[in-house]
Structures are given as C-alpha cells and as structure tokens.
Trainee: 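Pasting a structure here, questions to come.
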There are 2 protein chains.
Amino acid sequence: MTAADTFETILEMRARAVEDLLGSLLDERILPGEIARPARLLQAMRHGVLNGGKRLRPFLVVESAGLFGADQDAALRVAAALECVHCYSLIHDDLPAMDDDDLRRGQPTVHKAYDEATAILAGDSLLTLAFDILADEATAIAADRRAALVLALARAAGAGGMAGGQALDLDAERTQPDEAGIITLQAMKTGALIRFACEAGAIVAGAPAADRERLAEFGSAIGLAFQLADDLLDLTSDTTTLGKTAGKDVAAGKATLVQLHGPDWTRRQLDGLVLQARELLKPYGAAASTLKLAANFVATRRK
Amino acid sequence: MTAADTFETILEMRARAVEDLLGSLLDERILPGEIARPARLLQAMRHGVLNGGKRLRPFLVVESAGLFGADQDAALRVAAALECVHCYSLIHDDLPAMDDDDLRRGQPTVHKAYDEATAILAGDSLLTLAFDILADEATAIAADRRAALVLALARAAGAGGMAGGQALDLDAERTQPDEAGIITLQAMKTGALIRFACEAGAIVAGAPAADRERLAEFGSAIGLAFQLADDLLDLTSDTTTLGKTAGKDVAAGKATLVQLHGPDWTRRQLDGLVLQARELLKPYGAAASTLKLAANFVATRRK
C-alpha cells in the first residue's frame, strides 16, 4: 500500500466511527430537558447528516486530539459536533434562497426530500445540537474545556466566521472583492471550521496554549489549501470526475485566486502550503504522520 | 401607582438594559477567533434584535437570578443570549417558507428589509452568538455553570424543544393533534424558552438543584399561561388592539386549547396557573414579588 492508500483507509475508518456516533445522537431517545423528538424533523436531520461524506473535519479533530493523548471518545464527540455544524451549513446553503441545489452526493437535498421549512428547521436543530454535544458532561472532559470548545466553535461558525463568509460570498458577485477580500471570504467560509477542527484536538486534550495555536495555524494552512484545490478542480476538472458540476465559479461570476493567478501559480501555492503545514507538525515527530498525509491529501485530491 | 404599573416600569427598565447590551454585542468590534464582521449581515442581525420587544424572557432571567443573589452583569449576559435565540426564531419563522410574514412590530421583517438569504444567515448567526455569549469568560461565572447554561439552552431550543415545536406546528394543519398533542407542541414551541429563562437564573447563581427545578416549574406554568393568553387574545380580541392580525389560528385551521374548551374554561385555567406559579415562589418571600407580578402580567395581558 502507498502512503495515500494508508491515509484513505484511516480516513474511512474514522468516518465510520463518527457516522455511528452521529446515528446514535440522532435516534429517538429523548434526553433530559427535551420534551419530544418529532419524527419527521429527526428524519430530515438524519438525511442531512448521514450522507456518506468524507468526514474530513471529524478526522482532523480526532487526529489532532491524538497528538496530545486526549480521550478518544471525547474527541469523537467533539468531531461529531463539528460535523453537525458542517452539515447544517450545507443544508442551509442548498436552500432555494441560497445556492438552490437539488442534489448533494447524488441524493436529493433536504429541502427537496422534505420541504423548505423542514430544511430550515433541520439546519437550525443541527447547529443547536452541536453545542448540546460539546456542553454535555457525556463529552467527558473538564467543564472549562467544554466551555472553551463551545466558544471556539461559535466564533468559527458565526457572523465572524463561516456564516459571515457565506454572507460575503452571496454578495461577491455584486461587490467583486479584490485579492485580500477573496482571501478573507474563503478563510471565513471554509477555513474557519477546518482551523477549528485542528485547534479543537488541542483543546480537548488540554494542551498548552502554544500547541493550540500551532494546531490552529496548521488548520489555517490546510484550510486555505483545501479551498485552492477546490477552485483549481472547478476550473480544470470535468463534471464526471468531480461528481458535481465543474466550472460553477466562472459561470456564477465568482472571482477565485485560481482565476486571478492561474493554475501554475495555484499549484506552487499548494506545494508551499503543504510544506508549511508539515513544518508546523515537526515538533510532534512520527505521532503526526497521519496528519501530515492529510495535508497532502487536501492539496492533491482529484475530487 | 398600581402593582401592574410598577411591574411595567421594571419590565421597561430591564428591557433597556438588555437592549444596550445586545447593541454592544452586535457592534463592529471583532472578537478573538473572528476574522471579520460583514457589515450587511450585522445590520440584518441588529434589525432582527433591536426592535423594541417587551424582552419578557430576559426579564425572567434577571429576576430569577436576583432571587439567589447572582451577579447582575452575568445574568444580563445570559438574558441577552436567550433573547438572541428568541429573535433568531422569529426571523426564521417569518420566512416565506414558514409563516411568510412581511411585518413584525410594524417594521418590515428581516427578509423584507434585506433578502431571504441574509435573513437565514442572520438567524443562524444569532443562534450561534447565543452560545458564544454563554460560553465566554466575559460571562463571569464558573465554567461548569457556563457549560450547564449552554446545555440547557440547547435542549430548550433544539429539535427536542423550540425548533421541534415549530416543526410540529407546521404539521399541525395536516396532523390535527389531539389535546395532548397540542399541549406538547406548545410546551415545545413557546414553553421551553420561557422555562429556560427562569431555570437559567438559578443556574447563573449556582443555586441548589431543588431551586433550579422549582424555577423551571415556575417557568413551565407561566409558559403555558403565556400561550393560553395568546390563544385567547387571538380568538377574542381585534386586530387594532393586538397590533397584529386577530383570528389567525382559526383562519389557519390550527387547533388550540381555547378552541377546544372555550374562553371561560381558558380563563379558569389561567387563574389556576397564576396561583400555581405564585405558590411555587412562596419559599422566596418578598424577594419574589416582581416575579409574582410577572405571572399575573403574562396571564392577563391585553396584547
């Protein structure tokens, strides 16, 4: 097996573990403080979450936490919470008022499989569930770490992070942001959650502030690489390979760094970001080898 | 001044304090972990929050916290967090896919003043901000209480609480719930946040579990009274007095307890709930006098 094969095997293993946990978090059991779990809403939430995603963000949480010897069950719960936020954002982004997508991973989007109102509420409920999971004592870490995770995720996901990035993105056609504007937009829209994923591992483990900062920087580097690779694929790949429509950015009149600087520049940037990301992990030696492979994976993926 | 006048003066004073805090939480200052605060999104959030509401839920937080001698600034921040959740729910409920309302408190709803996508994101961001506020060390209480507040609010607001109640309400026309179904729906849709408001005061103060439970029961009683009074007004008042469309429930084919049992039964129920609510506060003596007035206010309001 090549290193890439090994990596994809680990990624898949982690994805299965987080899907199992998400499935059980979204079953019919009513928790203390809840009154009832409406069946149709719960089904819509499951539809939006249990869809066979790569689970890259959960993977990053679990691997980062592993660097510092964190409790694996606690890390997996944090990973599941983050995936709830990611999936809520996809459900809302797919709505007719937003990107208006009918399909995601070959399945009808939540508002197509159910209806718009249910999709809005399913997204709202998943976002809420994320904070429920983090704050719950069942995420067996000290209360100060649970509070720190809630705060960091809220900052990454809210108006100053992901949701704000989505707002900027909606305006981008009209405002035509310059290079600095594009970088801010992407750091918010996709970067912030990936950064949080890596930082969260250090928080779960109660790692020193310097390690937390180092992992956050690693997350920023691969978050940017993730977005550049995405834009590059949109420009250079075809719809069959991607499994989703290629050329969407150009069609939507959305400026990307790849369009500004071209594919060659982008490939050089990607190489630089992978190098930078791997360099940041040097202090952790062999323990960080899977995370280093993740940096390569993010930058070189074909779909 | 009558007791009711005194109560409304205190309610107004508390409303001003929480509006000031909400205004400063929604200003342009970028907090650690945030990347930028997009101006238009922030304006839409302010539009949805700073709209001159009665701020009943924040009032209940602050008064309940006062019973146990909690830090007033911490209580006010918790109150502001809860109001963010209440306002997010109104923004999303007003969307075309949900209740499709153009006006709220005589002002255009957020999707009318801005656009649907911005309204969705403003709601999402306010929900996220609520957990940010609760988890932040600036809410100067111990981390275990901050985590407990996040968890209790998430349970009250999520699929097993408010959002789930909204989902049941959307289905109610089709499913025609029986009396037990209506009670569950209302306990989720409006009751859960009012219950949390009262319980939160005890959590902020670190009050014993028995007091927390007692305040939560008080909240449940006035939450139910709030909804019965609302349904009664919808049936018996007119649009001019209400400041919103009367007779909406009947027009929408929505069953309410008032329709099942009539106005006289409802007035007797309201009297019973106020008595029960006041009885629950007996152990706190004169310190609870404003909260007791709140129970009367909720049951006897004219709009």
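Convention: sequence-line order gives letters A, B, ...; per-chain numbering from 1. Here the structure is a predicted model, which is why all the values come from computation and not from measurement.
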Trainee: Does some side-chain heavy atom of K189(B) sit less than 4.5 Å from a side-chain heavy atom of L168(B)?
Mentor: no

Trainee: For T184(B), give me all partners under side-chain hydrogen bond (donor to acceptor under 3.5 Å, both in side chains), at least two apart in sequence or on another chain.
Mentor: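 Checked T184(B) against side-chain hydrogen bond (donor to acceptor under 3.5 Å, both in side chains); zero matches.
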
Trainee: Heavy-atom distances under 4.5 Å only: say whether I35(A) touches chain B with side chain, backbone, both or neither.
Mentor: both

Trainee: Which atom pair, heavy atoms only, marks the closest approach of A130(B) to A81(B)?
Mentor: CB-O, 3.3 Å

Trainee: Sort out for me which of M45(B), E137(B), M188(B), R37(B) touches chain A most, counting heavy-atom pairs under 4.5 Å.
Mentor: M188(B)

Trainee: Compare every heavy atom of L82(B) with every heavy atom of A197(B), then report the nearest pair and how far apart it is.
Mentor: CB-CD2, 3.5 Å

Trainee: Taking side chain as everything from C-beta outward and backbone as N, CA, C, O, which of these in D171(A) sits under 4.5 Å from a heavy atom of chain B? Side chain, backbone, both or neither.
Mentor: side chain

Trainee: Between L170(B) and chain A, with a heavy-atom cut-off of 4.5 Å, which part of the residue counts as in contact: side chain, backbone, both or neither?
Mentor: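 The side chain, not the backbone.
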
Trainee: Is it the case that T109(B) and R104(B) place a side-chain donor and acceptor less than 3.5 Å from each other?
Mentor: no

Trainee: If I measure from the heavy atoms of chain A, does A152(B) come under 4.5 Å with its side chain, its backbone, both, or neither?
Mentor: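 For A152(B), neither part sits under 4.5 Å from chain A.
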
Trainee: Determine the interplanar angle of the F131(A) and F131(B) rings, folded into 0 to 90°, and report it as parallel if under 30°, tilted if 30 to 60°, perpendicular if over 60°.
Mentor: parallel

Trainee: So which part of P96(B) gets closer than 4.5 Å to some heavy atom of chain A, the side chain, the backbone, both or neither?
Mentor: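 Neither the backbone nor the side chain of P96(B) comes within 4.5 Å of chain A.
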
Trainee: Would you say the side chain of L90(B) lies within less than 4.5 Å of the side chain of H86(B), judging by non-hydrogen atoms?
Mentor: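 Yes, side chains in contact.
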
Trainee: At a 4.5 Å cut-off on heavy atoms, which part of R40(B) comes close to chain A: side chain, backbone, both, or neither?
Mentor: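 Looking at R40(B), just its side chain touches chain A.
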
Trainee: In terms of heavy-atom pairs under 4.5 Å with chain B, which of D124(A), V150(A), D144(A), L151(A) leads?
Mentor: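 The answer is D124(A).
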
Trainee: Out of A147(A), A159(A), S89(A), which one racks up the most heavy-atom pairs below 4.5 Å with chain B?
Mentor: A159(A)

Trainee: Which bit of I30(A) comes within less than 4.5 Å of chain B, counting heavy atoms only: side chain, backbone, both or neither?
Mentor: neither

Trainee: Could you check I141(B), I133(B), D71(B) and say which one makes a side-chain contact (heavy atoms from CB on, under 4.5 Å) with R77(B)?
Mentor: I133(B)

Trainee: Picking from E199(A), Q166(A), M162(A), which has the most non-hydrogen pairs under 4.5 angstrom with chain B?
Mentor: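 Looking at each option in turn, the highest pair count goes to Q166(A).
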
Trainee: So which heavy atom on A192(B) is nearest to which on A156(B), and how close?
Mentor: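 Shortest heavy-atom separation between A192(B) and A156(B) comes out as CB-O, 3.3 Å.
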
Trainee: Can you tell which of S125(A), P38(A), G161(A), G158(A) has the highest number of heavy-atom pairs within less than 4.5 Å of chain B?
Mentor: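 Among the listed options, the one with the most contacts to chain B is P38(A).
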
Trainee: Tell me, out of G33(B), A97(B), G160(B), who's got the most heavy-atom pairs with chain A below 4.5 Å.
Mentor: G160(B)

Trainee: Non-hydrogen atoms of chain B under 4.5 Å away: do they reach the side chain of Y88(A), the backbone, both or neither?
Mentor: side chain

Trainee: Below 4.5 Å from any heavy atom of chain B, which atoms of L95(A) appear? Answer side chain, backbone, both or neither.
Mentor: side chain

Trainee: For a quick test of reading the model, state the closest non-hydrogen atom pair linking H92(A) to I120(A) and the distance between them.
Mentor: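 Here H92(A) and I120(A) meet closest at NE2-O, 2.9 Å.
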
Trainee: Please classify the contact between A157(A) and chain B as side chain, backbone, both or neither, with a heavy-atom cut-off of under 4.5 Å.
Mentor: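 Looking at A157(A), backbone and side chain both touch chain B.
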
Trainee: In chain order, what residues pass the side-chain hydrogen bond (donor to acceptor under 3.5 Å, both in side chains) check against T256(A), with sequence neighbours excluded?
Mentor: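 By the side-chain hydrogen bond (donor to acceptor under 3.5 Å, both in side chains) rule, T256(A) matches no residue at all.
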
Trainee: When only pairs under 4.5 Å are counted, which of L41(A), L121(A), T118(A) shares the most heavy-atom pairs with chain B?
Mentor: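 Winner by heavy-atom pair count: L121(A).
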
